[in-house]
Amino acid sequence: MDEKEVAELVAGHVVDVPDFPHAGILFKDVTPLFADGQAFRQVVDAVIEHHGRSSFDVVAGVEARGFLLAGAIAYATGAGVLAVRKAGKLPREVLAASYALEYGEATLEVHRDALEPGQRVLVVDDLLATGGTAEAALSLVEQAGGMVTGFSVLIELAFLNGRDRLAPRDVHALLTV
Ligand SMILES: O=P(O)(O)OC[C@H]1O[C@H](OP(=O)(O)OP(=O)(O)O)[C@H](O)[C@@H]1O
Ligand SMILES: Nc1ncnc2[nH]cnc12
């Protein structure tokens, strides 16, 4: 599938839910995409093809929806998978990165020994909005000694300019709206 077909595939499997989780938010529900085996395989293959299956040693997925994509890409390519977790979930010494939310603050964590120095890491998530989550996740991979070789999301909400926050890193989005 070419990029336009992949974008159309994603768009055809996303449901817009107004006023969730708060009034004024148009929530992009990607659960139908994950539920459709053929579509899920096609988006996993598209991410792998964009980066090249030998360009990373580990796939980092951001809790929680990012886990679904990361696990599949890792399995399909023989890479390891790193769960970038929300605060308080990991049992051993962690690195932490906090970021602002619409209301309050959130923190992501990885185990301090999660990566070998220089390991190449593809970071994935389902959606890029303000970029706060991605910025924290990318920072944690680097603090843990990894080298971020790519960042992919299924959907980019362009009006929130999350890409600018991640510059100069490249952002690969299957669908930009
Ligand atoms: O670019 P940002 O403004 O940071 O928003 C994007 C993040 O928001 C969602 O995570 P969230 O933790 O809200 O939900 P989840 O636990 O269902 O993944 C989504 O999965 C992204 O990780
Ligand atoms: N509009 C949105 N839809 C789905 N997930 C999100 N995370 C942040 N903003 C979102």
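For reference, positions follow the sequence shown, starting with 1. The figures here come from the full heavy-atom set of this structure, side chains too, leaving out hydrogens, waters and symmetry mates.
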Applying the 4.5 Å side-chain criterion to the ILVMFWY set and letting contacts propagate, would [X] and [Y] be lumped into a single cluster?
X	Y	answer
Tyr99	Val84	yes
Met1	Ile73	yes
Phe159	Val17	no
Val30	Val44	yes
Val59	Leu138	no

Under 3.5 Å: donor-acceptor pair, side chain of [X], backbone of [Y]:
X	Y	value
Arg163	Val171	yes
Asp126	Leu154	no
His111	Arg92	yes
Gln119	Glu116	yes
Asn161	Asp164	no
Glu142	Ser139	no

> Should Lys28 and Glu156 count as an ion pair when the cut-off is N to O under 4.0 Å?
Replying inline: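 No salt bridge links Lys28 with Glu156.
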> Do NZ/NE/NH1/NH2 and the carboxylate oxygens of Asp125 and Arg65 come within less than 4.0 Å?
Replying inline: no
>> Walk me through whether Val121 and Phe56 qualify under side chain to side chain contact (heavy atoms under 4.5 Å, CB included).
In response: CA-CA 5 Å; Val121 182; Phe56 50 88; over 6 Å; no
> Hey, are the side chains of Pro32 and Val15 touching, using non-hydrogen atoms and a 4.5 Å cut-off?
Replying inline: yes
>> Would Thr149 and His51 count as a side-chain hydrogen bond (donor to acceptor under 3.5 Å, both in side chains) here? Give the steps.
In response: CA-CA 8 Å; Thr149 57; His51 295 284; over 6 Å; no
> How far apart are the C-alpha atoms of Leu127 and Val153, what are their side-chain angles, what is the distance that settles it, and do they pass the side chain to side chain contact (heavy atoms under 4.5 Å, CB included) test?
Replying inline: CA-CA 5 Å; Leu127 186 136; Val153 291; 5.8 Å; no
> Are more than 12 heavy atoms from other residues, nucleotides or ligands located less than 6.0 Å from atom CD of Glu3?
Replying inline: no
>> Can you confirm whether Glu49 is buried at CD, in the sense that more than 12 heavy atoms of other residues, nucleotides or ligands lie under 6.0 Å from that atom?
In response: no
Contacts under 3.5 angstrom, residues 33-43 side chains, donor-acceptor by atom type, not counting sequence neighbours:
unit_1: Asp36; atom_1: OD1; unit_2: Gln38; atom_2: N; d: 3.1
unit_1: Asp36; atom_1: OD1; unit_2: Ala39; atom_2: N; d: 3.1
unit_1: Asp36; atom_1: OD2; unit_2: His13; atom_2: NE2; d: 2.8

> What residue among Val58, Asp57, Leu140, Val110 forms side chain to side chain contact (heavy atoms under 4.5 Å, CB included) with Leu115?
Replying inline: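 So the option named by the test is Val58.
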> Do Ile155 and Leu174 pass the side chain to side chain contact (heavy atoms under 4.5 Å, CB included) test, and can you show the C-alpha distance, the side-chain angles, and the key distance before you say yes or no?
Replying inline: CA-CA 6 Å; Ile155 301 171; Leu174 295 184; over 6 Å; no
>> Applying side chain to side chain donor-acceptor pair (under 3.5 Å) as the test, list every pair that has at least one member in residues 69-90; sequence neighbours left out.
In response: Glu63-Arg85
